[in-house]
Amino acid sequence: MPNNFATRILAWFDHHGRHDLPWQRDISPYRVWVSEIMLQQTQVKTVIPFFDRFMAAFPTVDALAAAPEDEVLHLWTGLGYYARARNLHKAARQVCEQRGGEFPTDVEGLMALPGIGRSTAGAIVSIAQGRRAAILDGNVKRVLARYHAIAGWPGKTAVHNALWDIAEAYTPGERCADYTQGMMDLGATVCTRSSPQCQRCPLVGDCAAHRLGREGDFPGKKPKKTLPVRRTRFLMLRDSDGCAWLEKRPSPGIWGGLWCFPEGEDLDPERWCLDRTGRKPDAVETWPEFRHTFSHYHLEIVPILVELDAKPGWVMEADRQLWYNVRQPPQIGLAAPVADLLEQLARQGQAKE
DNA sequence: AAAGCGGGGCG
DNA sequence: CGCCCAGCTTT
């Protein structure tokens, strides 16, 4: 017999939960896994088109495992947190090579795969495999922190552990998949970060935060700190064919595995061009600086367009350097500001024609 | 423009 | 444990 808490969540889910999300069709561990990885740090509305494109390209874990990493990152371009894509790809290869394409069926086995932690493992076990397992994503954290008025920022180990204990206690053995989906839906649509719709909440009668009139105080805020600012130059070398020079970033690291312009704070475009091509640039144009913000610093980027009237004949390292043809874009992963600048270069090229 | 979101890896 | 990893939405 489910506990009272779970009973209310389930009854609410039946009438008000989301039942038509793309990953709720043709449920499988693979589809739930991909959706859960994409949903880390990213909202449902943003994920849906990426999920659909990803599934069309890689319908099975075998298809994903067989794909080149560049293609996986290409389909992740714009979604962010690219380590998620690299881990997804690595895990797919592990599942295929070491387990014949079968996913582990328990939380511990799933957590051994790169990119899968306790919560994501719980989601796969409960939603895809229909067995009892707890999750604790941002939505569930918010619901539980408010319901029990748990003080403190969940990033602190003590708060985190307390929330996990509660999550485990409420997770029912029956209809665990619906309960898990229901908790996520409740957090996403009713128990929202700002302006929660408490009158529509099945837990309103017992919610400690609501009773105190302090919904906004839970969960506790992350201590804020001012982000440092770093500066860099992007050297956009363009040849006579309109192709741009890109280099693959080392992995791990910022934008690991993605393709980017040569970049550096002290990079001298004239010097760089002369050193690499043996000739001076035919035109140099400094574009307006813009800011790109990471989780831990701001990056002020100055793009510098360096034009060559010829096609340089130097030898490339094919694995990590390429000429990007804006008219026939290769299937590779691009850092968001790089994708943006390439698009501007393409538009500029069109205007000239 | 600034704040908030948020899970997993790693040292 | 604290820090490292983006990019989107909300305010």
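Order of the sequence lines fixes the chain letters, A, B, ..., with proteins taken first and strands second; residue numbering starts at 1 for each chain.
- Rounded to a whole Å, the NZ atom of A:Lys221 is 10 Å from the C1' atom of B:dA3.
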Sub-3.5 Å pairs of nitrogen or oxygen atoms, protein against nucleotides 8-11 of chain B:
unit_1	atom_1	unit_2	atom_2	d
B:dG8	OP1	A:Gly117	N	3.1
B:dG8	OP1	A:Thr120	N	3.3
B:dG8	OP1	A:Thr120	OG1	2.6
B:dG8	O5'	A:Gly117	N	3.3
B:dG9	OP1	A:Gly115	N	2.7

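- If you check every strand for non-hydrogen atoms under 4.0 Å, A:Arg142 touches sugar and phosphate atoms only.
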Under 3.5 Å, which donor-acceptor pairs do the side chains of residues 162-169 of chain A form with other protein atoms, sequence neighbours left out?
unit_1	atom_1	unit_2	atom_2	d
A:Glu168	OE2	A:Arg118	NH2	2.9

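- Atoms CD and CD1, on A:Gln181 and A:Ile9 in that order, are 12.5 Å from each other to the nearest 0.5 Å.
- Using a 30° and 60° split on the angle between ring planes, A:Phe234 and A:Phe261 fall in the tilted class, from 30° to 60°.
- Between the NE2 atom of A:His298 and the C1' atom of C:dA6 there is a distance of 13 Å, rounded to whole Å.
- In summary, the side chains of A:Glu263 and A:Thr232 do present a donor paired with an acceptor at a separation below 3.5 Å, with no hydrogens or angles considered.
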Please list, pair by pair, any protein nitrogen or oxygen found under 3.5 Å from a nitrogen or oxygen in nucleotides 9-11 of chain C.
unit_1	atom_1	unit_2	atom_2	d
C:dT11	OP1	A:Ser194	OG	2.4

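- For A:Arg142, the side-chain hydrogen bond (donor to acceptor under 3.5 Å, both in side chains) criterion is met by A:Asn139, not counting sequence neighbours.
- Under the rule for a salt bridge (charged side-chain N to carboxylate O under 4.0 Å, His left out), A:Arg99 has no partner lying at least two apart in sequence or in another chain.
- Rounded to whole Å, the P atom of B:dG4 lies 23 Å from the corresponding atom of C:dC5.
- Here C:dA6 presents its C1' atom at 8 Å from CZ of A:Arg84, a figure rounded to the nearest Å.
- Within 6.0 Å of the NZ atom in A:Lys221, the count of heavy atoms belonging to other residues, nucleotides or ligands exceeds 12.
- B:dG7 atom P lies 15 Å from atom CG of A:Leu79, rounded to whole Å.
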Pairs of donor and acceptor atoms involving the side chains of residues 73-80 of chain A, under 3.5 Å and at least two apart or interchain, shall be tabulated with distances.
unit_1	atom_1	unit_2	atom_2	d
A:His74	ND1	A:Ile332	N	3.4
A:His74	ND1	A:Ile332	O	3.0
A:His74	NE2	A:Gln331	OE1	3.4
A:Trp76	NE1	A:Gly80	O	2.9
A:Thr77	OG1	A:Leu73	O	3.1
A:Thr77	OG1	A:His74	O	3.3
A:Thr77	OG1	A:Leu334	N	3.1

Under 3.5 Å, sequence neighbours excluded: what are the donor-acceptor pairs made by side chains of residues 44-67 of chain A?
unit_1	atom_1	unit_2	atom_2	d
A:Thr60	OG1	A:Asp62	N	3.4
A:Thr60	OG1	A:Ala63	N	3.0

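- Closest-nucleotide positions on DNA chain B for A:Gly138 and A:Arg291 were compared, and the one nearer the 5' end corresponds to A:Arg291.
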Enumerate the protein-to-nucleotides 2-5 of chain C contacts in which both atoms are nitrogen or oxygen and the separation is below 3.5 Å.
unit_1	atom_1	unit_2	atom_2	d
C:dC5	OP2	A:His296	NE2	3.1

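- Identified under the side chain to side chain donor-acceptor pair (under 3.5 Å) test for residues 196-213 of chain A, with sequence neighbours left out: A:Arg8-A:Asp206, A:His210-A:Glu215.
- If you take CG of A:Leu110 and P of B:dG7, they are 17 Å apart, rounded to a whole angstrom.
- Every residue two or more places apart in sequence or in another chain was checked for a ring pair (Phe, Tyr, Trp, His ring centres under 6.0 Å) with A:Trp259, and none qualifies.
- Heavy-atom distances to DNA chain C give each of A:Ala158 and A:Leu334 a nearest nucleotide, and the one nearer the 5′ end belongs to A:Ala158.
- Looking at residues two or more places apart in sequence or on another chain, you find a ring pair (Phe, Tyr, Trp, His ring centres under 6.0 Å) between A:Tyr297 and A:Phe294.
- Atom pair A:Leu227:CG and B:dA3:P shows a separation of 9 Å (rounding to whole Å applied).
- Atom C1' of nucleotide C:dG7 and atom CG of A:Leu299 are separated by 14 Å, given to the nearest angstrom.
- One atom, CH2 of A:Trp153, and another, P of B:dG7, lie 11 Å apart when rounded to the nearest Å.
- Below 30°, between 30° and 60°, or above 60°: for A:His19 and A:Phe13 the angle between ring planes is between 30° and 60°, a tilted geometry.
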- [ ] Convert the base pairs of DNA chain C into dot-bracket notation, remembering that pairs crossing earlier ones are written with [ ] and that bases paired across to another strand are shown as |; include only Watson-Crick or G-U pairs under 3.5 Å.
- [x] |||||.|||||

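- For the pairing with A:Arg175, the side chain to side chain donor-acceptor pair (under 3.5 Å) check across A:Asp14, A:Thr180, A:Thr7 returns one residue only, A:Asp14.
- At a threshold of 4.0 angstrom between heavy atoms, the contacts of A:Ala336 are confined to the sugar-phosphate backbone, with no base atom among them.
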